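Positions are given from 1 along the sequence. All figures in this text were calculated on a predicted structure; none of them were measured in a lab.
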Amino acid sequence: MTPDVLMLFAAGKGTRMAPLTDRLPKPLIPVAGRPLLDHALDLARAGGARRIVVNIHHLGSQIAAHLAGVADVAISDESAALLETGGGLRKALPLLPPGPVLTLNPDCVWTGANPVAALRGAWDGARMDALLMLVPLACAGARLGGGDFALGAGNRLSRKGDFVYGGASVLNTARLAEVEEDAFSLNRVWDRILADGRAYGLVHPGGWCDVGRPEAIPLAESLLAGGA
C-alpha cells in the first residue's frame, strides 16, 4: 500500500523562534515571501499526498483561518492540550486511513528531489514500520548539534550516527497503540520499531535547512533562491 495521506505537524509552540512566535504561529512565519506552512503544503501535494491533516495548538486559530476552505486539508485541534508528535498523530487517527501515513514538519525547507515522493516510492510495508528521510549532518543547514541516526545494511536505521532526521517520514500508525501516555514524542515509537529492525532511512540528495530559529530564515531563503 502506497501512502497518500499526510500528517503535517503544526501544533508546536515554536519557542526557539521567539519573539516571532509571540504573535504568530511558527508555521505562518514567512520565508521567501510565503508562510512555512504553504511551502510544506506545496511539497506534500507535489509529492503525491491527496489529503493532508494539519494539527494546531499555539495560536491555532490563525492557522485554521489560513486554511479555511482548503478542500484537501483537515484540521486536528489540539487547543485543549499539546500532545507532542506521537500523541498528536494518534489524536488525528480518525481523520487518517489505517496503515501507513506520511508525516511532515513545516519548519524545514527542501530543494532538489521531492522527499515526500521519494518516501512514497520507497515504502515497503512488508518489512518496514517506519521510513525516515535523512540529511547528512554536513549538509544540514542551520542544524545545531550532532546527528540522529546511522544507516546500516539495506538502509536499516540505528541511533547515533552522522545523519539528521529531516522531518519527513512514513509510519505504520498501528504502532502508536504501543504507547500508553496521551502526550508523547514519535521517538518513543521509533525506538520500538528500531528494536524490531523495521526502521529504515532514505538520504535526501538535495538541499535542506532547519528553520527553527530567526537567524535561520536568511539561510533558508538563500537555499530556496539557489534551488540546490
Side-chain angles (χ1 to χ4, degrees), residues 6 8-10 12 14-18 20-21 26-27 29-37 39-40 42-44 46-47 85 102-124 128-171 185-191 193-195 197-228:
L6 182 141
L8 203 161
F9 294 113
T15 52
R16 292 186 302 150
M17 266 289 192
L20 299 180
T21 46
K26 183 166 67 171
I29 290 174
V31 171
R34 304 182 66 226
L36 282 166
L37 180 62
H39 287 289
D42 286 352
L43 194 75
T85 50
L102 294 149
T103 75
L104 185 64
N105 298 344
D107 57 353
C108 305
V109 298
W110 308 73
T111 60
N114 187 302
V116 176
L119 288 165
R120 295 184 70 236
W123 176 253
D124 179 2
M128 300 174 180
D129 280 327
L131 178 62
L132 278 57
M133 186 59 71
L134 307 175
V135 179
L137 181 58
C139 303
R143 167 75 174 189
L144 296 178
D148 301 312
F149 294 100
L151 273 179
N155 290 335
R156 187 174 273 120
L157 280 183
S158 59
R159 290 284 190 182
K160 297 182 180 179
D162 292 329
F163 291 94
V164 172
Y165 171 56
S169 76
V170 182
L171 179 71
S185 167
L186 279 180
N187 277 292
R188 295 274 303 279
V189 182
W190 291 344
D191 282 341
I193 297 173
L194 285 161
R198 292 181 59 84
Y200 290 79
L202 285 180
V203 178
H204 179 59
W208 179 90
C209 186
D210 174 11
V211 196
R213 297 167 288 116
E215 56 267 33
I217 293 175
L219 299 175
E221 292 178 333
S222 176
L223 176 66
L224 291 171

Nearest atoms (heavy-atom pairs only) where [X] meets [Y]:
X      : Y      : value
Ala40  : Leu8   : CB-CD1, 3.8 Å
Ala168 : Leu104 : CB-CD1, 3.8 Å
Trp190 : Ala130 : CD1-CB, 4.4 Å
Ala216 : Ala142 : CB-CB, 3.7 Å
Leu37  : Pro106 : CA-CB, 4.5 Å
Val31  : Ala220 : CG1-CB, 4.0 Å

Full working for side-chain contact (heavy atoms from CB on, under 4.5 Å) between Tyr165 and Asn187: CA-CA 11 Å; Tyr165 171 56; Asn187 277 292; over 6 Å; no
Verdict with reasoning, Val164 to Asp210, per side-chain contact (heavy atoms from CB on, under 4.5 Å): CA-CA 10 Å; Val164 172; Asp210 174 11; over 6 Å; no
With sequence neighbours left out, what residues match [X] under side-chain hydrogen bond (donor to acceptor under 3.5 Å, both in side chains)?
X      : answer
Arg213 : Glu215
Asn105 : none
Arg16  : none
Ser158 : none

Residues forming a salt bridge (charged side-chain N to carboxylate O under 4.0 Å, His left out) with Arg159, sequence neighbours excluded: Asp191
Residues which pass salt bridge (charged side-chain N to carboxylate O under 4.0 Å, His left out) with Arg120, listed by chain and number, not counting sequence neighbours: none
So, [X] side chain and [Y] main chain: donor-acceptor pair closer than 3.5 Å or not?
X      : Y      : result
Trp208 : Gly166 : yes
His39  : Asp42  : no
Glu221 : Ala32  : yes

Spatial distance of atom [atom1] ([X]) from atom [atom2] ([Y]) [nearest 0.5 Å]:
X      : Y      : atom1 : atom2 : answer
Leu6   : Thr103 : CG    : OG1   : 7.0 Å
Asp124 : Asn155 : CG    : CG    : 12.0 Å
Leu157 : Leu194 : CG    : CG    : 6.0 Å
Met133 : Cys108 : CE    : SG    : 12.0 Å
Tyr200 : Leu132 : OH    : CG    : 13.0 Å

Do [X] and [Y] have side chains that approach each other closer than 4.5 Å (heavy atoms only, starting at C-beta)?
X      : Y      : value
Val211 : Ile29  : no
Leu43  : Asn114 : yes
Asp129 : Val189 : no

Listed once per pair and sorted, the salt bridge (charged side-chain N to carboxylate O under 4.0 Å, His left out) pairs that draw on [range], sequence neighbours left out:
range            : result
residues 160-170 : none
residues 130-139 : none
residues 102-116 : Lys26-Asp107
residues 145-155 : Arg143-Asp148

Partner set under ring-ring contact (aromatic ring centres under 6.0 Å, His included) for Phe149, not counting sequence neighbours: none
Verdict with supporting geometry, Thr15 and Thr21, side-chain contact (heavy atoms from CB on, under 4.5 Å): CA-CA 7 Å; Thr15 52; Thr21 46; over 6 Å; no
For Ala113, all residues meeting side chain to side chain contact (heavy atoms under 4.5 Å, CB included), sequence neighbours excluded: Pro205
